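What follows is one structure encoded as structure tokens, with my remarks underneath.
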Amino acid sequence: MYHAAFPNFTDMSADNSVGNVSVPLRNLLNSIQCMKDRVRDGESNESDGAFDLSNFWDTLNQAVKAVSQEATKLSVAFSKPPLPSQQDGEKLSESILKSVLSLSTVYYWLPKSQGVSLRRQVRDATVEVLEGVIQLVEVILSSPLQSLSQEQLTSTGGVWSACDSFTQLPRDNKAALLVVLSAQIGVVKDAIEEIEQALSEVQDPFSDVLDDDQDPRGNQDTYWSEKDRRVIGPCQGLMKASAACLRKLTSAAKTLGDVSTPQNVAQLDDLADIIKEISPGVDDLALCLYPPMDYSGVEENVSKLAALLKKVLEIIRCSHVCGESHLTWVQFLKGAVDHNLQKTKELLQQDS
């Protein structure tokens with residue numbers, strides 16, 4: 001089955017020329033590129049029977065280790081003269097193709113019923129390994145094959161680090177949701193801190209990027225008016241409510257998140273999908289707060305973010321991660337969102 005990917009070389013001279021040894025490498029490159037596209041866009045094999053998640057992880061980790069070892073062998077073979085013969089080149093290529101095919105096949109075992117968020121993160125990690133191997137083969141093909149180039153060292157290291165990242169992957173859909181939450185919290189926190197930093201600078205926040213002759217200090221476009229600063233208050237309140245929502249959901253998911261039923265797995269996916277919209281919403285709002293402040297942009301983005309947060313809180317409220325004790329903060333945050341939305345609109349409507 002693996003031989004099919006390579007043409008029959010028996011009639012070609014088995015001399016050690018670069019030309020011949022590059023043929024199996026080019027075929028290998030094409031095969032892995034096709035495989036990468038299939039992994040990126042393909043569907044999983046849905047199994048009717050029970051799926052053993054821990055067996056999946058054991059097999060996947062063995063497959064990843066094999067790719068790492070085969071990539072190392074390939075790199076070493078092309079790191080110093082003499083070059084591998086065409087026959088050895090074919091064997092190396094066949095070996096690495098086998099390991100990559102095995103990794104892709106094991107990834108396909110993971111059914112969507114184990115969680116779309118989990119599957120997405122395993123897929124991205126698998127694609128990264130395949131991209132790493134593609135880059136290594138490209139570097140070997142494009143470098144003069146007499147010595148180990150810095151580029152080849154770097155791309156070999158790239159395959160190793162892509163393979164190592166599998167140890168950090170979430171092991172189930174609850175852990176996959178927590179990975180998404182953690183990324184969102186980081187982005188939202190940065191946006192909040194940047195606005196606070198800008199407000200604390202007495203001068204305008206852009207003073208460091210404008211030349212003195214560009215900016216006569218009377219220019220209202222480069223700093224906040226009193227009204228601007230008042231409007232920013234409830235907008236910050238909304239951004240902080242976003243951060244609080246993500247933090248509270250994290251602790252609720254850690255405590256109550258459950259992957260033992262398909263319904264609960266699907267609820268965790270719904271939460272992961274909707275919270276991914278929070279950080280872009282916070283960023284859009286933050287961007288239109290900088291001077292010159294665009295009031296209509298502020299109103300639009302405040303309304304959008306408030307609507308999104310209310311939707312998120314409703315999905316949390318209806319999910320299994322929301323126990324009796326969590327209803328209080330869900331209600332509280334909903335009130336905070338309404339209050340800040342209302343306040344912003346009132347301030348925007350006041351005359352300057």
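Computed from a predicted model, the values in this text were never measured in an experiment.
Under a cut-off of 6.0 angstrom, the local environment of NZ in K65 is sparse, with at most 12 non-hydrogen atoms contributed by other residues, nucleotides or ligands. For Q33, the CD atom sits in a packed shell: over 12 heavy atoms of surrounding residues, nucleotides or ligands are nearer than 6.0 Å. The environment of CD in E151 is sparse: at most 12 heavy-atom neighbours from other residues, nucleotides or ligands sit within 6.0 Å. Counting non-hydrogen atoms of other residues, nucleotides and ligands closer than 6.0 Å to CD of E226 gives a total of 12 or fewer.
The shortest side-chain heavy-atom distance between P262 and S113 does not fall under the 4.5 Å cut-off. Here the side chains of K227 and L347 are not in contact, with every heavy-atom distance at 4.5 Å or above. Side-chain contact between L238 and T344 is absent, with no heavy-atom pair separated by less than 4.5 Å. Residues R119 and Q114 are not in side-chain contact: their nearest non-hydrogen atoms beyond the backbone lie 4.5 Å or more apart. S99 is listed as a side-chain neighbour of I96, based on a closest heavy-atom distance under 4.5 Å. L29 is not listed as a side-chain neighbour of S31, based on a closest heavy-atom distance of 4.5 Å or more. At a threshold of 4.5 Å between non-hydrogen side-chain atoms, the residues I140 and V137 do not count as touching. Between Q331 and T328 the shortest side-chain heavy-atom distance does not fall below 4.5 Å.
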Please table the atom pairs, donor to acceptor, closer than 3.5 Å between any side-chain atom in residues 161-169 and protein atoms at least two apart or in another chain.
unit_1, atom_1, unit_2, atom_2, d
S165, OG, A162, O, 2.8
T167, OG1, D164, O, 2.7

Listed pairs under 3.5 Å, donor-acceptor, residues 120-136 side chains, sequence neighbours left out:
unit_1, atom_1, unit_2, atom_2, d
R120, NH1, D273, OD1, 3.4
Q121, NE2, A176, O, 3.1
T126, OG1, V122, O, 2.8

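For the residue pair W160/T72, the side-chain donor-acceptor check at 3.5 Å is satisfied. In this model, no donor atom of one side chain and acceptor atom of the other lie less than 3.5 Å apart for S303 and N301. In summary, the side chains of Y223 and D228 do not present any donor paired with an acceptor at a separation below 3.5 Å, with no hydrogens or angles considered. No side-chain donor-acceptor contact under 3.5 Å links R38 and Y108.
In this structure, OG in S93 is found 10.5 Å from CG in D88, a value given to the nearest 0.5 Å. The NE2 atom of H326 sits 5.0 Å away from the OG atom of S251 when rounded to the nearest 0.5 Å. In this structure, K248 NZ and F332 CZ are separated by 9.0 Å, a value rounded to the nearest 0.5 Å. Here the OG-CG distance, from S117 to D269, works out to 4.0 Å after rounding to the nearest 0.5 Å. Rounding to the nearest 0.5 Å gives a distance of 5.5 Å between CG of L118 and CG of N173. Between Q267 atom CD and L177 atom CG the span is 11.5 Å, to the nearest 0.5 Å.
When hydrophobic clusters are built by joining Ile, Leu, Val, Met, Phe, Trp and Tyr residues whose side-chain heavy atoms come closer than 4.5 Å, directly or via intermediates, L287 is not grouped with L309. Residues M239 and L348 share a hydrophobic cluster, clusters being chains of Ile/Leu/Val/Met/Phe/Trp/Tyr side chains in contact below 4.5 Å. Put simply, V179 and L110 are part of two different groups of oily side chains (I, L, V, M, F, W, Y) that touch within less than 4.5 Å, one to the next. Hydrophobic clustering (ILVMFWY, side-chain heavy atoms < 4.5 Å, transitive): V116 and V39 are in distinct clusters.
Annotation for L305 and G281: closest pair CD1-C, 4.1 Å, computed over non-hydrogen atoms. Residues S242 and V282 share a closest heavy-atom pair of OG-CG2, 3.6 Å.
Between L246 and the choices V312, L181, V180, V187, the side-chain contact (heavy atoms from CB on, under 4.5 Å) rule is met once, by L181.
Salt bridge annotation for K98-E94: absent, with no cationic side-chain nitrogen under 4.0 angstrom from a carboxylate oxygen. One finds no salt bridge joining K310 and E314 here, because no Lys/Arg side-chain nitrogen approaches an Asp/Glu carboxylate oxygen to under 4.0 Å. For E346 and R230, the salt-bridge test fails: no basic side-chain N is under 4.0 Å from an acidic carboxylate O.
A donor-acceptor pair under 3.5 Å is absent between the side-chain atoms of S75 and the main chain of A71, judged by distance alone. Between the side chain of N264 and the main chain of S260, no donor-acceptor pair closer than 3.5 Å is present. Side chain of Q184 to backbone of S279: a donor-acceptor contact under 3.5 angstrom is found. With hydrogens and angles disregarded, no donor-acceptor distance shorter than 3.5 Å links the side chain of R317 to the backbone of C322. Not one N or O on the side chain of K345 forms a donor-acceptor pair closer than 3.5 Å with the backbone of E299. A donor-acceptor pair under 3.5 Å links the side-chain atoms of W224 to the main chain of L289, judged by distance alone.
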Problem - Candidate pair L268 and V321, rule side chain to side chain contact (heavy atoms under 4.5 Å, CB included), full reasoning - result: CA-CA 9 Å; L268 298 175; V321 302; 4.0 Å; yes
